[in-house]
Amino acid sequence: MRLRRVIQTSLLALLPVVFVVCLEPGSAQSTSFDAGMKLYKAGQFGAAANKFLESVRTPGKEGAAYYYLGCCYYKLNRPLEARPIYRTVVNKYPTVHEAGLAAQMLHRLDPSFVIPVGIGDSPQSAGVSISAPPSVSSSAAALSGALSRSPGFPGEDFSKLPDEVRIPFTTDPSGHMRVTVYLENRPIEACFDTGANAHFGKNHLSAAGVALPRGNPNGQASGWAGAPVPVWRQTMRIKLGGLTRLAPVSIEEDLSMLPLVGQEFIQGYQCEVDNNSHYISLRKASAFKPSLSQVSSLYDVPCVRRGMRDYVKMFINGKELEVLVDTGAYASTFNAKDLADIGVRIPDDAPRTTASGVGGSFSLQTINVECRLGPIWKKDFPISVGGSAGSAVGQDFLGSQRFTIDREKNLMRFFH
């Protein structure tokens, strides 16, 4: 997922959590939750926590307020204090939607915690997988299942789509791959992101003159920040290069970064990224060149597809770790627990930064490690550690390479 770095100048402190609230609800407090959400989305977690603490006495908002209060502690790297708050949501407000999300967070903080069956109003359709790699997800579980079984979208004649498409891209100063995508025939600058689905903000649609979705949000999305974001999920016409498809798109209220286009759009195609010529090549399996038929132990890396995303085994300080191939992330970003499992320690004084993506801002630390993936071997390489998702290798590591994700042979293939 695309990351935007900002130097962290301070870490806001939270007041201790008070679980017994004696104040009577009042009309002045009805806006506390909304104010907390605005601060939360802006990455001001300390100030947001104070608002959520106020709003736990607002009828109808108690469960949600406690959930986001717990998220504030989690964002501020205080998981031990977040855990009892999430338990409060699960135990006292088991029927609210946020109870399912709180249960998922508890399972992430404590894998021995078993998520209760039926917790929350619709926990399985929330589409947020806190422990999964960064992604844009939705409540359309049936649609996602159909996409994983078929090379094309429901109702799409995949055989009539072009066998091969070349898509030019540029690289911005941060290293992200920029493309021009046509949404309902209107051009929009976007980030090509193999770690995400098609994701836009209403602000992008409005600026391009595309009709905005109506009604209430019908799904949720999440990214590195881990916080679920309400989205409108609908099928829209997308054109990228010479390929036009009616593909699923998620739209949030306001997206403060470039929109994303990635996995769902390229469904059914092999994807080659050439960082030297700045072209993305999409090919159907039948159009693959014979020269790619032989397998090299050095240039071909086993690749596993989970859902619609691709994972490879990377070596960190000589230890093997499965990572997401994420062209939308400039900085290679790793989950702290993943690194701990292979014996990589994060020093307490490691430099800290903040980054933002779908769902808000989150804290990162930077350490230097030895990284190896296929023919690429980098010593003393800086990686980012943090976020609420899995581990991903980004453009800072892959940016000088030409590679193909060969889903027929389940390989990530580097050119030489």
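Below, each value reflects all heavy atoms present in this structure, side chains not excepted, and no hydrogens, waters or symmetry copies.
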Could you tell me whether the side chain of Ile376 reaches within less than 4.5 Å of the side chain of Gln401, counting heavy atoms only?
-> yes
Any side-chain donor paired with an acceptor under 3.5 Å for Ser206 and Asn203?
-> no
Arg402/Glu272 salt bridge by N-O under 4.0 Å criterion | yes
Give a yes or no on this: more than 12 heavy atoms of other residues, nucleotides or ligands lie within 6.0 Å of atom CG of Asn216.
-> no
Taking the side chain as C-beta and beyond, is there a heavy-atom pair between Ser384 and Gln365 under 4.5 Å?
-> no
For Ala211 against Leu205, the heavy-atom pair lying closest together | O-CD2, 3.8 Å
Donor-acceptor pair between Gln395 and Asn275 side chains, under 3.5 angstrom | yes
If the plane angle is over 60° it's perpendicular, under 30° parallel, otherwise tilted; pick one for Tyr68 and Phe33.
-> perpendicular
With the side chain counted from C-beta on, respond yes when Met412 and Asp406 share a heavy-atom pair under 4.5 Å apart, and no when they do not.
-> no
Lys/Arg N to Asp/Glu carboxylate O, Glu252 vs Lys202, below 4.0 Å = no
Could you go step by step and tell me if Lys378 and Glu370 meet the salt bridge (charged side-chain N to carboxylate O under 4.0 Å, His left out) rule?
-> CA-CA 6 Å; Lys378 297 188 179 183; Glu370 179 183 278; over 6 Å; no
Please determine if Asp341 and Lys337 form a salt bridge, counting it only when a charged side-chain N lies under 4.0 Å from a carboxylate O.
-> yes
Between His278 and Phe169, how do the two ring planes meet: parallel, tilted or perpendicular, split at 30° and 60°?
-> tilted
Between Asp396 and Ser332, does any side-chain donor sit less than 3.5 Å from a side-chain acceptor?
-> yes
Identify, with sequence neighbours excluded, every residue that meets ring-ring contact (aromatic ring centres under 6.0 Å, His included) alongside Phe397.
-> Phe381
Smallest separation among heavy atoms of Gly63 and Val96, with atom names | CA-CG2, 4.3 Å
